[in-house]
Structures are given as C-alpha cells and as structure tokens.
Chemist: 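One structure is given below, represented as structure tokens, and several questions about it will come after.
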There are 2 protein chains.
Amino acid sequence: MPKKSNAEAGKRPTIRDVAARAGVSVPTVSRVLAGNYPVAPATRSKVLRAMRELDYVVNAHARALAGATTKTVAFVVDDVTGPFYAHIARGVEQQAASEGRLCLLCTTHGDPERELAVVELMREQRAEAVIVVGGGWDDEHYQERMRYFATALDRSGSRLVLCGRPSPGDDVPATVVHYDNEGGAYAMASHLLSAGHRRIGYLGFGAGLTTTDERIRGFKRAHADHGVAVDESLILPGTFSKAAGHELTRRLLAERDDVTAVFAATDMVAAGVLKALREAGVRVPEDMSVVGFDDIPLASDLTPALTTVHVPHEQLGREAVRLALHRGLELDDRIVLGTHIVVRETVAPPRRRG
Amino acid sequence: MPKKSNAEAGKRPTIRDVAARAGVSVPTVSRVLAGNYPVAPATRSKVLRAMRELDYVVNAHARALAGATTKTVAFVVDDVTGPFYAHIARGVEQQAASEGRLCLLCTTHGDPERELAVVELMREQRAEAVIVVGGGWDDEHYQERMRYFATALDRSGSRLVLCGRPSPGDDVPATVVHYDNEGGAYAMASHLLSAGHRRIGYLGFGAGLTTTDERIRGFKRAHADHGVAVDESLILPGTFSKAAGHELTRRLLAERDDVTAVFAATDMVAAGVLKALREAGVRVPEDMSVVGFDDIPLASDLTPALTTVHVPHEQLGREAVRLALHRGLELDDRIVLGTHIVVRETVAPPRRRG
DNA sequence: CTGAAAGCGCTAACAA
DNA sequence: TTGTTAGCGCTTTCAG
C-alpha cells in the first residue's frame with residue numbers, strides 16, 4: 001500500500017502532502033522552506049501555493065531532530081514575580097527573539113530539587129543556553145552544584161549562563177554575566193559619606209549571599225577611603241524584603257540615635273525602611289537619608305523617590321543570550337556590567353545635632 | 001557497516017547506546033523510560049545503570065516526533081514588564097509545571113505582525129495551549145484576528161486561551177478565562193458613592209478597549225443604582241499609564257473644583273494621579289479620594305496605600321492552563337473569575353463644602 | 001516480559 | 001535546479 005496522505009486522513013498535512021500536491025519531491029519543499037538553497041522560481045511558487053492551500057505548518061520537532069539547531073533558550077528564575085526578574089526576562093526575551101530563538105521559562109522557587117529537575121529538562125530539550133538568574137550563595141555546596149550543572153549541560157551541548165551571580169570558578173564551562181555590586185555600593189556609600197554622614201546603617205545583610213558580600217565590600221571600602229570607621233554593629237542582618245526593612249528600621253530607631261543615614265541592601269528593603277520611618281515620624285531626607293540598591297521600578301514611585309544604585313537588568317538579560325549564542329568569537333566569556341547611582345530625593349546632608 | 005555508536009563517536013549517547021550497553025533491545029529501554037509498561041526488575045535496573053553510566057538524556061524532540069504529546073504551553077504577552085503580567089505568568093508557570101508541562105514565553109509588544117508570527121511559531125512547536133494575555137480591543141478587526149488565531153491553532157492541534165479578555169464569539173474554538181471588570185467597577189463606584197461622593201472623575205478612559213467598556217459599564221450602573229447622574233465630561237480619555245494619570249489629574253484640577261473623588265482606570269494611572277495630587281498640595285483622602293483597579297503590588301506601596309479592585313491574576317493564569325489542558329471534561333470553556341475591592345487608605349467621605 | 005520492524009516529519013549528503 | 005537515499009532518536013504495533 002502506498003504511503004497514505006495525512007491531509008486526506010484528516011491529520012495535519014506534512015511536507016509529503018505538500019510535495020505531492022505541488023508535484024515535486026519532498027526535499028524540494030524542504031528547500032523552499034529553508035530558503036538557503038537554489039530553487040526555480042516557478043517550482044518555488046507552486047510549492048508555496050500548495051503549502052497555503054493545505055495550511056501547512058512545519059513541525060519544529062521533526063526539524064530539530066533531523067538536523068538544524070534547536071533554537072531555544074531557557075530562562076530559569078526563582079520566582080517570576082521577583083521585582084527585577086521581569087526586566088532581565090525582557091532583555092532575554094528580546095535578544096532571544098531577535099536572534100530567532102524561542103524562550104523557555106522555568107521557575108525553581110529556590111528549591112534545589114526543582115532546580116536540578118529543570119536542568120535535566122533543559123538537557124532533554126537540547127536548549128542552546130540555560131540562563132540562571134539570581135540567588136547565588138557563597139558556599140562550597142553552591143559552587144559544586146553549579147559546576148555540576150555547567151558540565152552536565154555542556155555534555156549535552158547546552159551552555160549554562162550565570163546571570164547576576166559571580167563566577168563559580170574559572171574551570172567551569174559556563175558563561176557569566178555579572179554586574180558591579182561592589183562599585184555601585186562604593187559609589188553610593190561615598191555619596192552618603194560626602195554628604196557628611198558618619199553613622200550609616202546597613203540594613204539587610206544577607207550572610208553568605210554573594211550579592212551581600214560584594215555590596216558590603218564596596219560599602220566598607222568607601223568608608224576606608226573617607227577615613228571613616230565602619231561601625232559593625234550598624235550592619236544589621238536580614239532578608240531582602242520589605243518586611244525586613246520595616247522591622248530592622250524600627251529596631252535601629254529604638255536602639256540608636258546617632259544614625260543619620262540608612263543604606264538598604266535592596267530597594268525592597270528600602271521600601272520597608274521608608275514605611276517604618278514614616279510611621280515613626282522621621283522625615284526623609286531631612287532627619288534621615290535612605291538609599292537602596294537595584295533601581296527597580298518601584299524606587300521612583302516611593303515617596304520620596306528613592307536614591308539608589310542602578311543595575312542594568314535588561315542589558316544583563318540581553319548580554320546573557322548574546323554571549324551564550326555567539327560563543328567563541330571575540331566575545332569574552334565572563335563580563336561585568338557597570339552600575340551607577342541614581343540621585344533622587346532621599347539623601348540630604350545630616351541634620352546638625354541640636 | 002554496522003550502525004556506529006554515538007557514545008564512542010563522542011556524540012551524545014542515544015537510546016541505542018543504552019540498549020547496547022545494557023544488552024537489551026531499544027524498545028525495552030524505551031519502556032523503562034516511559035514506565036507505563038511491564039519490565040522485569042532485573043532488566044530495568046540494568047537499563048537504569050547503563051543510562052547513568054552513559055549520562056544518557058532523552059531527546060525531547062525525538063520523543064515528541066515519535067508520538068507522545070509535546071508537553072508545552074505557550075504564554076504570549078505584550079510586554080513582560082507589564083505590572084501584572086508577572087503574576088499571571090506565575091500562575092501559568094506553576095500550573096504548567098504541576099501538570100508536567102514546559103512553558104514558552106513570547107512577547108509581541110502589541111505588534112500585530114509579531115503576534116501573527118508568534119502564533120505561527122506556536123503552531124510549529126505544536127504547543128498544547130497558547131495563552132494570550134491582555135490587550136483586547138472591541139472592534140471587528142480584533143475579533144476577526146482572534147477568530148483566525150483560534151481556528152489556525154485548532155487546526156494544528158493547539159488550543160487558544162484568551163486570558164483577561166472577553167470572548168470573541170461563541171463559535172470560536174477558544175477557551176476564555178476572564179475576570180469581572182464590570183462587577184469590580186460597580187463595587188468600587190458604589191463604595192465611593194456610598195461614602196457620599198457625587199462628582200467622580202474617571203481617568204484613563206481607553207476608547208475601544210474591552211477592559212474600559214466593562215469597567216465603565218459597572219461605573220455607570222453603580223451611579224444609576226445610587227440615583228446619581230453620571231457627568232460624562234468627567235470621563236477623561238487616556239492611556240493606562242502613570243503619565244496619563246498625572247496629566248489628566250492636572251487638567252481635572254485646573255478645570256473643575258467640584259470633583260471629590262477620582263476613579264483611576266488602573267493602578268498605574270492611580271499612581272500618576274496620586275503624584276499629581278501631591279504636587280498640587282491636595283491631600284488624599286481628606287481633600288480627594290482616589291481608587292484604582294488591578295491591585296498590582298505597587299498599590300500597597302503607594303502613599304497613601306491605594307484602595308483598589310483586586311483581580312486574581314495568579315488564579316487567572318492557573319485556570320488558563322488548567323482549562324486548556326483538561327478540556328472536554330466537566331470543565332467549562334469560558335469562565336469569569338470574581339473581583340473584589342480592597343479597602344486601604346485613599347478613600348474618605350467628601351469634605352464638606354465651604 | 002521482550003524483540004523485530006515500521007514509521008513520526010524533516011534535513012542532508014549524493015547523484016543526476 | 002531537482003530527485004534519491006539515508007537517517008535524526010524515539011515510540012509503537014505486533015510477534016514471540
């Protein structure tokens with residue numbers, strides 16, 4: 001029995017149906033599909049017409065199987081609703097789209113189990129690049145984990161891209177797109193110090209988080225360069241949340257009366273700080289200066305508008321896919337994007353002591 | 001020449017390599033992979049071990065080609081950074097993941113060209129469901145477009161899901177997951193009316209947008225039920241942006257002095273309204289009440305915290321994939337989720353004149 | 001319970 | 001320029 005046509009069988013038409021209808025061979029159809037091979041104009045239009053008449057749609061899976069690349073980039077985050085993931089995602093999606101790639105979205109909710117599962121899934125999908133965003137820890141365990149992911153993905157032809165996290169080691173087959181936490185913190189702390197502040201609280205110290213390590217380093221270096229001693233008791237541990245900012249501020253207010261400025265670990269923390277300050281009747285920036293880090297959209301909507309460190313989230317996402325896709329060219333494998341402070345309304349010189 | 005092993009050739013190991021190594025046939029390996037077929041425990045563990053030793057990973061494309069379903073759901077939005085897409089996305093991703101599906105993310109930037117391209121792409125991918133969010137227009141052109149998408153996707157075995165938009169017509173093969181715009185607006189307007197407001201500005205009227213139509217309908221019905229005439233000149237057209245809210249408020253303030261409350265078309269608009277009011281020295285809620293719609297995270301961070309209409313974004317996303325995946329069961333094809341008002345700090349009775 | 005055989009829909013040499 | 005011939009890696013009857 002001759003191969004029966006799908007079109008007639010009520011199933012989706014295949015390249016074979018198109019070929020039959022156009023009176024050409026299957027590869028010819030494949031050629032007009034790919035476009036990168038000479039095909040006689042007449043044949044070409046016959047084929048095109050047949051495709052249209054049958055409402056033919058190529059099967060991406062068959063295509064991926066048969067040869068060509070997979071054309072898929074995966075984007076892995078903790079939680080899509082995180083304040084800045086959206087902007088990184090936009091960068092990733094834009095760049096992926098402009099390079100003709102589709103974008104897979106996966107979330108892990110910080111669960112190592114799921115993280116592992118996601119990486120395996122991406123191996124199955126043969127994703128060209130797997131971009132992991134945020135949440136880096138500074139311990140051996142984490143490093144090892146990433147090393148494993150990187151090599152596992154590498155073995156199946158994918159590239160791991162660490163976005164917004166530091167490098168897990170030079171010998172790990174991964175691309176890393178980071179941003180200058182230390183420089184940003186340094187600039188921001190200097191801004192405060194130059195304004196005359198001497199007692200600056202650092203709220204939301206996340207022990208073991210690489211983000212924290214880097215920011216604190218800049219914070220301290222700025223103090224050193226300004227000849228101001230860092231009061232370690234002013235570095236308050238906490239999560240990167242509004243609630244933490246709120247709570248820590250209340251505590252700070254209750255315990256100290258010499259602090260004139262607060263450096264919030266993130267903008268989210270700063271939002272909580274501002275709220276607590278408002279509740280306590282402390283005016284910003286007259287009585288207390290406040291700064292954040294990240295420059296999330298919320299920052300400019302706060303009252304007063306928050307002075308913060310801008311992180312190029314969108315560019316981070318774009319670079320991540322760009323580097324992963326054009327590897328081996330003159331591009332570097334590990335880059336660090338710059339950050340800069342954005343001066344808005346929450347910083348003023350400290351009030352003269354009464 | 002016998003079929004050469006990929007493993008030896010330095011390529012990725014295939015099911016054939018695993019079979020060879022385990023000393024079984026290819027279908028047997030396939031069976032332990034699928035798990036839905038009896039395999040002798042001994043054989044099973046031999047295969048499992050071979051897979052581990054070879055670091056074997058199934059090829060999702062080959063699998064999709066050969067039979068089984070694609071296990072992919074697509075999520076199409078205008079712009080990932082939109083204020084509430086993130087929460088719908090989270091719902092979509094969560095539900096997709098819990099149903100063992102992968103999630104494709106695509107953006108259109110409101111460009112009809114790209115929208116069309118995305119739909120074609122999803123047809124190629126054989127996505128099980130294509131969830132389109134936001135941005136519905138109330139014109140014939142739009143309806144037709146959606147009808148086309150729905151039937152095109154239907155023909156290639158995918159299901160179109162319209163999320164947060166009204167139905168494009170009963171005969172269109174699409175699933176729609178909507179939320180109660182009219183009810184929410186009705187409740188909110190009633191809240192204002194009950195507090196004593198009689199002159200309420202509606203800022204951000206988007207002509208032709210289904211969202212606007214529905215909200216305005218509720219707004220007017222509430223007025224009617226309270227025996228208050230709607231002043232049409234108080235319904236100000238504008239986009240759903242902060243800038244629009246800001247600009248429209250300035251205009252409103254300049255032109256009218258009888259308005260005691262503002263109903264912002266969206267929370268974003270409300271953010272602009274609040275800003276303009278603050279700049280003009282108008283106190284909220286003492287001098288002017290303000291309400292929004294959507295209940296985006298920003299709403300509770302504004303000062304004062306915004307009273308608004310809560311839309312169950314996350315649930316919207318979850319239902320979208322749930323309905324699309326379990327179609328035909330007792331589930332309905334078109335559902336409307338409820339909305340409710342969230343009372344915060346921006347509404348008070350109107351100030352007594354004079 | 002396991003293997004042999006036959007594709008899924010497409011691309012990629014290789015000829016013609 | 002076009003057709004022929006082989007697979008890509010997996011699942012699925014159908015026998016055993």
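We name chains A, B, ... by the order of the sequence lines, and we start the count at 1 in each one. From a predicted model like this one, the values you see are computed outputs, not experimental measurements.
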Chemist: Please give, in whole Å, the distance from C:dG9 C1' to B:Glu124 CD?
Modeler: 13 Å
Chemist: B:His61 has an atom NE2; how far is it from atom P of C:dT11, in whole Å?
Modeler: 14 Å
Chemist: Apply the side-chain hydrogen bond (donor to acceptor under 3.5 Å, both in side chains) test between A:Thr81 and each candidate in B:Arg90, B:His87, B:His313; give the one that qualifies.
Modeler: B:Arg90
Chemist: What is the distance, to the nearest angstrom, from the CZ atom on B:Arg126 to the P atom on C:dC8?
Modeler: 14 Å
Chemist: Once you round it to whole Å, what is the distance between P of D:dT4 and CZ of A:Arg16?
Modeler: 13 Å
Chemist: Drop me the distance from B:Met122's CE to A:Leu102's CG, to the nearest 0.5 angstrom.
Modeler: 4.5 Å
Chemist: Sub-3.5 Å donor-acceptor pair from the side chain of A:Ser158 to the main-chain atoms of A:Arg123, do we have one?
Modeler: no
Chemist: N/O contacts under 3.5 Å, protein versus nucleotides 1-3 of chain D?
Modeler:
{"residue": "D:dT1", "atom": "O3'", "partner": "A:Ala40", "partner atom": "N", "Å": "3.4"}
{"residue": "D:dT2", "atom": "OP1", "partner": "A:Thr43", "partner atom": "OG1", "Å": "2.2"}
{"residue": "D:dT2", "atom": "OP2", "partner": "A:Ala40", "partner atom": "N", "Å": "2.7"}
{"residue": "D:dT2", "atom": "OP2", "partner": "A:Thr43", "partner atom": "OG1", "Å": "3.3"}
{"residue": "D:dG3", "atom": "OP2", "partner": "A:Ser25", "partner atom": "N", "Å": "2.9"}
{"residue": "D:dG3", "atom": "OP2", "partner": "A:Ser25", "partner atom": "OG", "Å": "3.0"}
{"residue": "D:dG3", "atom": "OP2", "partner": "A:Thr28", "partner atom": "OG1", "Å": "2.7"}
{"residue": "D:dG3", "atom": "N7", "partner": "A:Arg31", "partner atom": "NH1", "Å": "3.2"}
{"residue": "D:dG3", "atom": "O6", "partner": "A:Arg31", "partner atom": "NH2", "Å": "2.3"}

Chemist: For B:Ile15 and C:dG3, give me the distance from atom CD1 to atom P, rounded to whole Å.
Modeler: 12 Å
Chemist: Is the phosphate of C:dG9, meaning OP1 or OP2, less than 4.0 Å from a side-chain N or O of A:Arg12?
Modeler: no
Chemist: Please list all pairs passing the salt bridge (Lys or Arg N to Asp or Glu O under 4.0 Å) test where one or both residues lie in residues 22-44 of chain A, with sequence neighbours left out.
Modeler: none
Chemist: With side chains defined as the heavy atoms from C-beta onward, is the minimum distance between B:Phe75 and B:Ile88 less than 4.5 Å?
Modeler: yes
Chemist: Taking NZ, NE, NH1 and NH2 as the nitrogens, is one of them in B:Glu144 or B:Arg147 under 4.0 Å from a carboxylate oxygen of the other?
Modeler: no
Chemist: Say whether, by atom type as modelled, one donor and one acceptor occur between the side chain of B:His178 and the main chain of B:Ile335 under 3.5 angstrom.
Modeler: no
Chemist: Between A:Asn59 (CG) and D:dC10 (P), how many Å, whole number?
Modeler: 16 Å
Chemist: When the axes are fitted on five pairs at both termini, how much does the helix from C:dC1-D:dG16 to C:dA16-D:dT1 curve, in 10° steps?
Modeler: 30°
Chemist: Could you state the atom-to-atom distance from CE of A:Met51 to P of C:dC10 in whole Å?
Modeler: 11 Å
Chemist: Has A:Arg101 got a side-chain atom pairing as donor or acceptor with A:Glu99's backbone, closer than 3.5 angstrom?
Modeler: yes
Chemist: Does a sphere of radius 6.0 Å around CG in A:Asp170 hold more than 12 heavy atoms from other residues, nucleotides or ligands, not counting ones at 6.0 Å or beyond?
Modeler: no
Chemist: Taking CG from A:Leu65 and P from C:dC10, how many angstroms apart are they, rounded to a whole number?
Modeler: 12 Å
Chemist: If you check the B:Thr14 side chain, which of C:dG9, D:dG9, D:dT11 turns out closest?
Modeler: D:dG9
